[in-house]
Amino acid sequence: MKNIKIVAIAVTISLMAFNCIDDNDNQLPYTPDFSGTYTQADQMGRPAVNTVFVSSGSKDMFNTTIPSAQNAAFQSMFQSNLTALSPAYANPGDENALGLDAAAFTGVLATDVLNVSLDGTTTFYDGTNVLTGRNLSDDVITVELLLIFGGEDFTENPTLTDDHVDANDKPFLTSFPYLAAPWM
Amino acid sequence: MKNLKKVLGIGIIAIAGFLVVVAADHIDAPAVQGGTSDITDFYAFQGQNTNNMVFVANVQGLLSPAATSNASFSENVLIEFNIDNTGDFVEDLVIQAIPRDGKMYFFGPVAPSQTGLNSTIATTTSIGGVVDITTGSNAIVSTNAGMSFFAGPRDDPFFFDFAQYSQIISGMSPSFNNPGSDTFAGTNVLSVVVEVPKSLIGGSGTINTWVESKTK
């Protein structure tokens, strides 16, 4: 209990201290060194793309290929891995619920960027809007499973299209920083 | 005691997940997995103030509560949000976040000095801010010129029965369970959250966005 009080006081003090700094933007106690060149290690646009669609020997290369070069370098690998993974694309003309066949779907996915609307609802998929952003609460895995395994109308391979984990283990906040407090 | 058991159980599942290779982007590739530059997730959504857009980058996934108190951002790792608002998948704007001495410094949105795999930090821009890095449960946030900033540990917002997915992929099981079990329950990540006015990133239309970690 005593510790909690001390922590609470420390947090209060640091908040106050920060406010002071905030009021004096030009008087930082020291000027940090930001020089040098930083070289790419990891990158991500849409969830689970590198994990699911990139072959094991190519995952580092995917992370260090710029998005504008990813389609040419990886689309055919994505298509091979998709058709090997899912029976929903086994027959000629097979499509997912977005009306995309294996080539078209992997053509979208291989360029690993998140499409985000600046004009309204942002969601990975909410039943109406598709790929207009990604909310914390979006069940992105089930959406991806449906697009990979669910066929033209989400009804194919029903045992593979929902992991039945539909929400986070902690509620999100309605205001900044939105993510739930850590487990301590 | 019950909680401890729960945590230990989750730990074992997390380790099992680690061995198989994971999830949203957690430990996705050999060169980054388990390190300070490993991105676990990326989110972009409209803010509580609908004139704003929120960007979230999470790194260093599957942190147990005990590991969380020892985890920290590396001063050699730059986290860079990339924004393409011309449709060519090349970044027109970046928001850079880099820690120094207990604070996370943010630069941008600003046009990068160069696009692609190498970056220098846009120290000459007047757009950005700084926030004390949070170390406990209470989020320390700061604001500057309509932008909001946070950096520190948070509950991993990702949820997925990854353990069962691995069973399916390895041929050990034909289906998911109902109900499933969230492999990421009870684990934390290190988060960088920045909220910016949409007017600073194009105003309207659709952007393409992605996050990168870059090391010195």
Side-chain angles (χ1 to χ4, degrees), chain A residues 7 11 14-15 18 22 25 32 34 36-45 47-48 50-51 59-60 62-64 66-68 111-122 133-136 141 159-160 162-165 167-170 172 174-184, chain B residues 24-25 28-32 37-39 42-46 48 65 68 78 89-90 100 116-121 123 132 137-139 141-142 148 150 153-155 157 159-161 175-176 178-180 182 185-186 188 191 193 195 198 204-216:
Chain A
V7 169
V11 168
S14 66
L15 281 170
F18 182 76
D22 208 24
D25 273 348
F34 295 113
T37 298
Y38 292 77
T39 302
Q40 187 138 325
D42 200 355
Q43 71 178 329
M44 173 183 182
N50 195 4
T51 303
K59 291 182 187 292
D60 286 327
F62 187 73
N63 277 335
T64 53
I66 57 174
S68 56
T111 302
D112 188 21
V113 300
L114 189 64
N115 319 105
V116 181
S117 170
L118 300 181
D119 300 317
T121 305
T122 47
R134 182 182 176 194
N135 284 313
L136 296 171
I141 290 295
T159 61
L160 298 174
D162 190 351
D163 69 338
H164 301 290
V165 177
N168 192 39
D169 54 332
K170 273 193 177 185
F172 298 118
T174 54
S175 59
F176 195 87
Y178 304 103
L179 282 76
W183 297 89
M184 300 301 274
Chain B
D25 202 75
D28 60 309
V32 293
S37 66
D38 189 11
I39 297 165
F42 174 51
Y43 300 82
F45 53 91
Q46 187 166 263
Q48 181 182 31
T68 302
L78 169 68
F89 307 120
V90 175
R100 289 287 181 270
L117 298 177
N118 295 310
S119 290
T120 55
I121 297 177
T123 51
D132 285 4
S137 291
N138 296 329
V141 304
S142 76
S148 299
F150 170 83
R154 294 269 103 184
D155 164 59
F159 48 92
F160 180 22
D161 191 344
S175 63
F176 284 107
N178 192 3
D182 180 5
N188 299 322
S191 293
V193 189
E195 179 165 336
K198 290 177 180 176
S204 65
T206 293
I207 58 170
N208 300 307
T209 179
W210 64 100
V211 67
E212 300 166 346
S213 65
K214 290 177 165 168
T215 59
K216 189 175 176 179

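Naming: A, B, ... by sequence-line order, numbering from 1 per chain.
- When heavy atoms are compared at a cutoff of 4.5 Å, A:N63 approaches chain B solely by way of its side chain, counted from C-beta outward.
- Listed options A:A180, A:G133, A:G45, A:S68 were ranked by heavy-atom pairs under 4.5 angstrom with chain B; first place goes to A:A180.
- In this structure the side chain of B:F45 reaches within 4.5 angstrom of the side chain of A:L136, judged on heavy atoms.
- In terms of heavy-atom pairs under 4.5 Å with chain A, the best-connected choice from B:P179, B:S119, B:S191 is B:S119.
- A distance-only check finds no donor-acceptor pair linking the side chain of B:R100 to the backbone of A:P32 [under 3.5 Å].
- Contact count versus chain B (heavy atoms, under 4.5 Å) is highest, among A:Y38, A:F176, A:F62, for A:Y38.
- The distance from atom CZ of A:F34 to atom NZ of B:K216, rounded to the nearest 0.5 Å, is 10.5 Å.
- Looking at B:T123, only its side chain comes within 4.5 Å of chain A, counting heavy atoms on both sides.
- Using a distance-only test at 3.5 Å, with no hydrogens or angles considered, no donor-acceptor pair links the side chain of B:D182 to the main chain of A:V165.
- A:M184 and B:S137 make their closest contact through CG-OG, 3.2 Å (heavy atoms, listed as atom of the first residue, atom of the second, distance).
- Qualifying salt bridge (Lys or Arg N to Asp or Glu O under 4.0 Å) partners for B:E212, counting only residues two or more places apart in sequence or in other chains: B:K214.
- For the atom pair CG (A:L118) and CD1 (B:I207), the distance works out to 5.0 Å, reported to the nearest 0.5 Å.
- The heavy-atom pair separating B:P157 from A:N168 by the smallest distance is O-OD1, 3.5 Å.
- To the nearest 0.5 Å, atom CG of residue B:D161 and atom CD1 of residue A:I141 are 10.5 Å apart.
- Closest approach of A:G36 to B:T120, counting heavy atoms only: O-CG2, 3.6 Å.
- B:L117 contributes atom CG, which lies 8.0 Å from atom CD of A:Q43 (distance to the nearest 0.5 angstrom).
- Partners of B:N118 according to the side-chain hydrogen bond (donor to acceptor under 3.5 Å, both in side chains) rule, which considers only residues two or more places apart in sequence or in another chain, are A:T39.
- In terms of heavy-atom proximity, A:D163 sits nearest to B:F160 at OD2-CD1, 3.1 Å.
- With respect to chain A, the highest number of heavy-atom pairs below 4.5 Å among B:F159, B:F150, B:F89 belongs to B:F159.
- Residues A:Y178 and B:Y43 fail the side-chain proximity criterion, which asks for heavy atoms closer than 4.5 Å.
- For B:S175 against A:L160, the heavy-atom pair with the smallest separation is CA-CD2, 4.4 Å.
- The closest donor-acceptor contact from the side chain of A:D42 to the backbone of B:V32 lies at 3.5 Å or more, if one exists at all.
- The residue among B:D38, B:N178, B:D155, B:T68 with the most heavy atom pairs within less than 4.5 Å of chain A is B:D155.
- In this structure, B:W210 and A:D112 have side chains that are not in contact, with every pair of non-hydrogen atoms separated by 4.5 Å or more.
- Atom OG of residue B:S213 and atom CE of residue A:M44 lie 12.0 Å apart, to the nearest 0.5 angstrom.
- When all heavy atoms of B:T206 and A:S117 are compared, the closest pair comes out as OG1-CA, 4.3 Å.
- Proximity of a side-chain donor or acceptor of B:N188 to a complementary backbone N or O of A:W183 within less than 3.5 Å is detected.
- Contact of A:S175 with chain B is made through backbone and side chain together, with heavy-atom distances under 4.5 Å.
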